[in-house]
Protein chains: 2
Amino acid sequence: MNATIVEVARKSGTSLSTVSRVLSNSAYPVNEKTRKRVVEAAEALGYRPNSAARMLRSRRSMYIAAIVPSLNNPFYSTVISAIEQEVLASGYMLQMYSSNNDPELESRLLDLIGSVQAAALLISSMNWNEKLERKIRDLGIPAVFFDQIPEGYSGHYVGFDFHEAGRMAAEFLISEGHRDIAFGCGPFDRESRRQYRNGFCEVLDEAGISSADAIVSIAGAGSMHEYEMGVAIADELLRRKGMPTAVAVINDIAALGVIKRLEIGGVNVPFDVSVMGFDDIPYGFMMTPSLTTIRQPAEETGRMATRLAVSLIGDPGSECMNEIFHPVLIRRESVRRIGRIERKENSYND
Amino acid sequence: MNATIVEVARKSGTSLSTVSRVLSNSAYPVNEKTRKRVVEAAEALGYRPNSAARMLRSRRSMYIAAIVPSLNNPFYSTVISAIEQEVLASGYMLQMYSSNNDPELESRLLDLIGSVQAAALLISSMNWNEKLERKIRDLGIPAVFFDQIPEGYSGHYVGFDFHEAGRMAAEFLISEGHRDIAFGCGPFDRESRRQYRNGFCEVLDEAGISSADAIVSIAGAGSMHEYEMGVAIADELLRRKGMPTAVAVINDIAALGVIKRLEIGGVNVPFDVSVMGFDDIPYGFMMTPSLTTIRQPAEETGRMATRLAVSLIGDPGSECMNEIFHPVLIRRESVRRIGRIERKENSYND
DNA sequence: CTCCATATAGAAAACGTTTTCTATAAATAG
DNA sequence: CTATTTATAGAAAACGTTTTCTATATGGAG
């Protein structure tokens, strides 16, 4: 099987202690000549340290664990890529799992992570309760929440200002001359969505537009695919008497559903109705019309969360650290300025 | 810190051997009464086995490692999700890394994987050479390639019939009445693409259509984003004297670039030119026009590769196992039948 | 020249398990 | 009633490292 440190010791004519010191480049002084012999022997034998033994004895973990709701969501896959890079760059290895936002699965995953002795936990979850809190605390390792921060959570996190994003969406639509505005979404089952809605409605109300009528919330959307939800939102819009001039949708995929359904219903986007997304999925600018949306910085979130976690490893008692990212507006074609009727110049690129 | 088996033994008034037997549910008989005591003590202490110790002593790994070119690619993220599920279901844990198809990084990752003592390796790579072969062999664990199978590789794999996919694309276009057909792609730097091209051209030639003129290969596309490549393909098409009636594109994202660029150039898809994709990204049916394409079964690939790997763990000498999946045609709107001029009925769903 | 620090390296302990070995009591076979 | 399984459980070894402890030269300081 794999060569062990003992075989390297035998081959290099030294003791196992010496070999360990060389190969784990400890601070302990070892003669240059000997070091060379050891390195050569290890090389020749194709020695690779057994990480289980190493972790066991040194009581140091080489793993950072991450839990995201889904890997298929382009936002999270971007975050995860950034996390992966940063984790490797910090000398750790990544153990990544997806939870589907299922509390049951989340709990099982935390047990697994507990038994692999990860050095830190990165997690994005919409659930927060006694049980989860205890489970995470029992892990005895620093945990960093990122992206959505569940209500009541009070620990380290790298978040995003969903409230500001909601405000930004509404402000932009109003600044483009819209007054008759709808807000399409599913149930408000997570804090992030409530915040977005609050920000959005706040601005509407400030502008003297009734936000109560604006909301088109698809009740049973919890189990629906985002796209279907968008279709349902557009259905509802088409059913109403008066069409708004603009609709903000809770995420990009749903926005695509809205657009497709409206187009089929004979309503042109953006000429009859403007549609505004949220997320900035990488396909938004490839569409026709390309999607005006709001971006949450995904790489930055992943990187920052990882850095924070790494810095927390080894000093557990530190007070709550956090970082909040801000939304950035991505102006493209799916929202048009009211009053202008000329066709906006098309572009095939961002 | 975390409770150990010894503390559980003390608390339950038994020996550490007994505790181990209970908690690792070994086949060894242990009195029901005692078992209960142990379980309760473990529960009370919140005991979680230390996987490093467990792996070290039992010489069994709990990890399956996977390397994919990219996590941001929706095809791979679907594969990875399936792998994750299947790995967990088999009682293992997943260690997943992305290589960007970079041989250097691949090699580093293999070293890492070697030292974590994974039980099996799942890998999708376009590179195959002496060095990689030796590295993988040195791991001493079963390796299963999936998706693309590099030329010269002879081991376990779960593949896809790219040649058939190429044939299918060409046959479909011809069956829809097209004779003037282009094939848009980047450099043929990987076996899978060569196979697709070969199948495609084969059918063209059989039908008496010169395949040599059909190929629009963007030279510098190696470093380009797929979408840019599509734009470049369309540019080239627009530059030519005669527009083909149909263009097959090497992947969906590039197809989106082609469509957008053609539309901007005043060429309507599918009325003036039909566009055929390849991959079936999840956004294909959300677009306008929705994308006609060919699907490689991603979940099935991930699941099958994992099952194969798991079955291979522990009997290393078995001969080369493999499984090949076949393409399935996804008919949507971006390809139209030549001769028909009525607008196909739009649908907002698959 | 003696004493003490220093560089170097081997011996042994330890990490938390699983597994093998050994021991005892109960149960069955003869 | 003795001999031999069988059920049960503790003791001890082992997995491959890192770390602590101990030992031996070597080199200055006095």
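Each chain gets a letter, A, B and so on, in the order its sequence line appears, and its residues count up from 1.
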* To do: Using distance alone, with no hydrogens and no angle criterion, decide if A:Ser26 and A:Ser24 have a side-chain donor and acceptor under 3.5 Å apart.
  => no
* To do: Tell me which residues in residues 17-25 of chain A put a heavy atom below 4.0 Å from DNA chain D, sorted by number, or none.
  => A:Ser17, A:Ser20, A:Arg21, A:Ser24
* To do: Under the side chain to side chain contact (heavy atoms under 4.5 Å, CB included) rule, collect the residues that match up with A:Met126, sequence neighbours excluded.
  => A:Asn101, A:Gln148, A:Asp189, A:Arg190
* To do: In sequence, state the C-alpha distance, the side-chain angles, and the governing distance for A:Ser17 and A:Arg21, and then conclude on side-chain contact (heavy atoms from CB on, under 4.5 Å).
  => CA-CA 6 Å; A:Ser17 324; A:Arg21 292 197 263 259; 3.6 Å; yes
* Are B:Lys36 and B:Glu40 close enough for a salt bridge, meaning some N to O gap below 4.0 Å? -> yes
* Structure fact -> Note: chain B reaches DNA chain D at heavy-atom distances under 4.0 Å over the stretch, first to last nt, 5' to 3', of D:dT8 to D:dG16
* **Nearest non-hydrogen partners of B:Ala9 and B:Ser15, listed with the distance** => CB-C, 3.7 Å
* **side chain to side chain donor-acceptor pair (under 3.5 Å) involving A:Ser20 - partner list, sequence neighbours excluded** => none
* Asked: Rounded to the nearest 0.5 Å, what separation is found between the CG atom of A:Leu312 and the NE2 atom of A:His156?
  -> 4.0 Å
* Structure fact -> Within residues 29-38 of chain B, the residues having a heavy atom closer than 4.0 Å to DNA chain D are B:Pro29, B:Val30, B:Asn31, B:Thr34
* Asked: Looking across every strand, which nucleic acid part, if any, lies under 4.0 Å from B:Ser26 by heavy atom: base, sugar-phosphate, or nothing?
  -> nothing
* Taking the inter-plane angle between the rings of B:Phe145 and B:Tyr153 on a 0 to 90° scale, is it parallel (under 30°), tilted (30 to 60°) or perpendicular (over 60°)? -> tilted
* Structure fact -> Tightest non-hydrogen contact, residues A:Glu86 and A:Ser90, listed as O-OG, 2.8 Å
* Asked: Hey, would you say the B:Phe160 and B:Phe75 ring centroids sit under 6.0 Å apart?
  -> no
* Asked: Got B:Glu84 and B:Leu88 here, is their nearest side-chain heavy-atom distance under 4.5 Å?
  -> yes
* Going through the distances and angles, do B:Glu7 and B:Arg10 end up as a salt bridge (Lys or Arg N to Asp or Glu O under 4.0 Å)? -> CA-CA 5 Å; B:Glu7 299 171 52; B:Arg10 183 156 33 231; 5.9 Å; no
* **Nearest heavy atoms of A:Pro142 and A:Ala309, plus distance in Å** => CG-O, 4.4 Å
* Residue whose nearest DNA chain C nucleotide is more 5′ - B:Tyr47 or B:Tyr28 -> B:Tyr47
* Heavy atom of residues 48-58 of chain A under 4.0 Å from DNA chain C: which residues? -> A:Leu56, A:Arg57
